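No hydrogens, no waters, no symmetry mates; every other heavy atom, side chains included, goes into these values. Here the structure is a predicted model, which means the values were calculated and not measured.
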Amino acid sequence: MDFDPPPAPPPPTPMPAGDPAAEPATDPAAAPVHGAWRRALVLSLPILVGYVAIGVAFGVLWVQQGLPPAGAVLLSLVVYAGASQFMAAGMLAAGQGPAEVALATLVLNARHAVYGLAFLDRFRSGWSAAGAYFAFALTDETYAVLAAVPPEETHGPAGDGLLWRVALLNQSYWVAGSALGALLGGLLPGQAGGLEFALTALFIVLLLEQVRTARKGTAALVAAAAAAAVFLAAGPAGTLLPALAAALAAAVAVDRWRHRP
């Protein structure tokens, strides 16, 4: 018995140009995410050159101290403490134990507690994994960059996302520089010197930018004068914490005087 083949389905009706149904579906959340990463990248670009250069210097120093190259990358991942990592390289090479290195790092990085207080109001609604990472990755340079950002950009869920993205990008630059330095450390003849000043120069540039945008030049000058006075009075040894305390007290005093009723 013969059967006729089923009729062919009609051709699809072409959609008119500009019809939303004809456009490919897009995720509405993708644009804000891409915008947050783009903004974070722009903010972190001033840190890129300085962190890669000083990270290379750290990696080279680490290897030239006779320490394993992988240790430089590991320290940059789990400690991420800038100047303290240079100190740790010297202490470990001299035979100091982890406890001594940890205590010295805690003292040297005590100033970061003040940085954290400046962003405490951003996390009053509760902590998250992103907030915990930002607390870990908040460095001098990250603080300087984010402190110059308008407050409306760093508050709310979008602001929280900007904070940890900037911190993550900055740490990635540091880790990349450390890895490159560890690879090059065994190839460079003699001791490489001078690169450690890149971190100081970078922070000076960030300070000037913050003074320009935040309009707090007077407070910065008074704080610098107070720190210099402590340095001249007590000498270069062991003056970090007293100088920071004097600079902070002077800056707070100037700010309160300017906003007195």
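In this structure, the side chain of W62 engages the main chain of P68 through a donor-acceptor pair within 3.5 Å. No donor-acceptor pair closer than 3.5 Å links the side chain of S44 to the backbone N or O of I47.
The nearest pair of heavy atoms linking Y133 to A167 is OH-O, 3.7 Å. The shortest non-hydrogen separation linking N170 to Y80 is C-OH, 3.6 Å. Contact record, A182 with P69: CB-O, 3.7 Å, taken as the closest heavy-atom pair. Considering every non-hydrogen atom in both R39 and V149, the closest pair reads NH2-CG1, 4.4 Å. Heavy atoms only, all atoms of each residue included: T105 and A81 are closest at CG2-CB, 4.4 Å. When every heavy atom of A137 is checked against every heavy atom of T142, the shortest pair comes out as O-OG1, 4.1 Å.
L103 and M91 fall into different hydrophobic clusters, where Ile, Leu, Val, Met, Phe, Trp and Tyr are joined by side-chain heavy atoms under 4.5 Å apart, directly or via other members. By the rule that hydrophobic residues join a cluster once side-chain heavy atoms approach within less than 4.5 Å of another member, F136 and L106 end up as members of separate clusters. W37 and V42 fall into different hydrophobic clusters, defined by Ile, Leu, Val, Met, Phe, Trp and Tyr side-chain heavy atoms under 4.5 Å apart, directly or through other members.
Among pairs with a residue in residues 82-93, those fulfilling side-chain hydrogen bond (donor to acceptor under 3.5 Å, both in side chains) read S76-Q85, S84-N109, Q85-W174, at least two apart in sequence or across chains.
In this structure, CG on D140 lies 3.5 Å from OH on Y115, to the nearest 0.5 angstrom. To the nearest 0.5 Å, the span separating CG on L146 from CG on L138 amounts to 7.5 Å. With rounding to the nearest 0.5 Å, the separation of CG in L168 from CG in L163 is 12.5 Å. Annotation: the span from L48 atom CG to S172 atom OG amounts to 8.0 Å, rounded to 0.5 Å. In this structure, CG in L162 is found 8.0 Å from CZ in R165, a value given to the nearest 0.5 Å. Considering CG of L92 and CE of M87, their distance stands at 9.5 Å, rounded to 0.5 Å.
Aromatic ring centroids of Y51 and Y173 lie 6.0 Å or more apart.
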